[in-house]
Amino acid sequence: MASLFHCLSSKKVQPDDEKRIIMERPSRRRAKWWHSTFHTVAVIVGAGVLSLPHAMAYLGWVPGILMLLVSWGLTLNSMRQMIELHECVGGTRFDRYHDLGRYAFGAKVGAWVVLPLQLIVQVGCDIVYMVVGGKCLYRFREIACTDCTQLKQSHAILSFGVIHFFLSQLPNFNSVVGVSLIAAVMSVSYSTIAWVACLSRGQSSNVSYEYKKSSSRMELIWGVCNALGQISFAFAGHAVTLEIQATIPSTPEKPSKIAMWKGVIVAYFINAICYFPVAITGYWAFGRDVSDDVVIALETPQWLIASANLMVFIHMVGSYQVFAMPVYDLIEKVISKRLNIPEGLTLRLVARSAYVACTLFIGVTFPFFGDLLGFFGGFGIGPTSYFLPSIMWLIIKKPKRFSINWFINWASIFIGVCIMLASIVAGLRNIYADASGYRFYHA
């Protein structure tokens, strides 16, 4: 890993390097604005939406909805900033998050700070999707085939992973547009099923909206902190925003930011009609006793719950590939440069299969869905979605001090740092608590 960062920080970002960034692989820049919508919906409306009622159970009605609204608005603004900064230097396109980070912070800071945080989000989301995809496949089989021999949950996660050994061989973002479209449709479908099923089911008997029951005040504080991480995990798409925008053609008359922003606006509208109904109706139906996955909490009608779990499984397949694609590209480039191995089918087969195997191993070993959301949400998504874009905007654009723009950016930084610190500690603590009583590879 150190050699990876050394490769990217060994030289300063010079004008010639910037021109190289814009000229790199122009044949890939043929995407349309709706392609950015497919990709963005696939990576944002994901596993996080299912945990929102659980987060509400720790925060309560007003703080929970307010936190959702603030996160939705701040992350939409930070995504707009990244779209604008993609071509903030004439003749240059920053195709990757760490490219922009190197320009804003310098070569070393960009490689040793921005890149690790981006990788934590991308790899962390892939691990979480491995877990939730496997769990939903396990749940689907359990409901749809009651007479079948029951398999372990770990076997379902392994089945989910096997699919990606094949899909990982798709070469680039343009080749996974169809996968992203299917994933986006599935996300809207199961989100709709979740909130409609909660409404149809009605409230549980003796439902309570008091703060989630905890053995002590400290337990409640840990839960609140983890809930903040779960909400931040629901806005994870920024880690691949520039990589998605890099697939869109750009000219002086029609820069890529126009098409990208149009796609993102549509994606965030879809995000809103999925997130808020699921969070509100899930909490309304189950109250403080809601589980960390509202689809699994629903029990009837069986065919509808089975369908929703299958849709989640299909969506996780697509989202995994969108988050993994920049990681594939980075691994292949570093191996090619360090070991002097030409990029091609052989390198792609070995490097990508190794990455899938690593995320699969971690997912099978640590299947703690809710706690993983909190930890990765705080440690990686807090910085990359909330405050790193704002810091880079302040450095590059230099808005007028004490202007509205200046205050919004500092608010994003403050909120993002608070979320990061709170949810990192809570996530680690909850993972430790769950792991202490967990028998590895037994479930």
Side-chain angles (χ1 to χ4, degrees), residues 42-43 46-48 50 119-142 144-145 148-173 175-176 178-180 182-183 186-187 190 233 236 239-240 293 295-296 309-332 345-373 375-376 380 431 434-435 438-443:
V43 296
L50 304 177
L119 287 175
I120 285 170
V121 175
Q122 293 167 340
V123 178
C125 286
D126 280 343
I127 293 170
V128 172
Y129 291 163
M130 195 71 81
V131 173
V132 72
K135 282 188 173 182
C136 287
L137 178 62
Y138 174 81
R139 178 67 169 166
F140 169 76
R141 188 178 184 277
E142 190 178 53
C145 188
C148 297
T149 302
Q150 294 301 311
L151 299 177
K152 293 182 180 180
Q153 180 178 283
S154 57
H155 293 163
I157 298 176
L158 285 170
S159 300
F160 182 88
V162 167
I163 296 172
H164 294 289
F165 285 105
F166 297 96
L167 288 181
S168 64
Q169 301 310 306
L170 295 172
N172 52 50
F173 266 115
S175 62
V176 297
V179 177
S180 292
I182 295 172
M186 291 298 102
S187 67
Y190 71 70
F233 188 93
V240 292
D293 186 339
V295 170
I296 293 177
N309 278 277
L310 182 60
M311 291 174 184
V312 176
F313 167 77
I314 296 172
H315 179 213
M316 296 301 101
V317 171
S319 297
Y320 182 100
Q321 287 303 314
V322 176
F323 273 112
M325 197 60 68
V327 184
Y328 296 153
D329 188 61
L330 181 62
I331 293 172
E332 290 170 20
L345 180 60
T346 302
L347 178 58
R348 186 164 72 226
L349 180 63
V350 174
R352 298 187 180 195
S353 297
Y355 172 78
V356 172
C358 288
T359 57
L360 176 58
F361 171 76
I362 297 172
V364 171
T365 306
F366 304 102
F368 313 125
F369 174 53
D371 299 335
L372 287 172
L373 287 181
F375 176 72
F376 287 122
I431 289 172
D434 286 348
Y438 179 73
R439 296 174 62 186
F440 290 98
Y441 310 115
H442 179 73

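What you see is a predicted model, and the numbers here were worked out from it, not measured in a lab.
From Y129, atom OH reaches atom CD of Q321 across 13.0 Å, with rounding to the nearest 0.5 Å. Distance check: I314 CD1 to S187 OG gives 11.5 Å after rounding to the nearest 0.5 Å. Within the model, atoms NE2 of H164 and OG1 of T359 stand 8.0 Å from one another, a figure rounded to the nearest 0.5 Å. Note that the CZ atom of F160 and the CE atom of M316 stand 7.5 Å from one another [nearest 0.5 Å]. Here the CZ atom belonging to R352 is positioned 4.5 Å from the CD atom belonging to E332, to the nearest 0.5 angstrom. Atom CG of L310 is separated from atom OH of Y190 by 12.5 Å, given to the nearest 0.5 angstrom.
Residue C125 forms a side-chain contact (heavy atoms from CB on, under 4.5 Å) with just one option from I127, V123, V121, and that option is V121.
When all heavy atoms of A42 and S180 are compared, the pair lying nearest together is CB-O, 4.1 Å. The two residues L119 and L330 make their nearest non-hydrogen contact at CD2-CD2, 4.0 Å. G161 approaches M130 most closely through the heavy-atom pair CA-SD, 3.6 Å. When all heavy atoms of F165 and S353 are compared, the closest pair comes out as CE2-O, 3.3 Å. Nearest heavy atom pair, residue V312 against residue C136, reads CG1-SG, 3.4 Å. The two residues A156 and G134 make their nearest non-hydrogen contact at CB-O, 3.1 Å.
The aromatic rings of Y355 and Y320 lie tilted to each other, with the angle between the two planes from 30° to 60°.
Between the side chain of N172 and the main chain of S175, a donor-acceptor pair closer than 3.5 Å is present. Using modelled atom types, one side-chain atom of Q122 and one backbone atom of A239 make a donor-acceptor pair closer than 3.5 Å.
Within the 4.5 Å cutoff, the side chain of F173 has heavy atoms near those of the V176 side chain. Between V128 and F323 the shortest side-chain heavy-atom distance does not fall below 4.5 Å.
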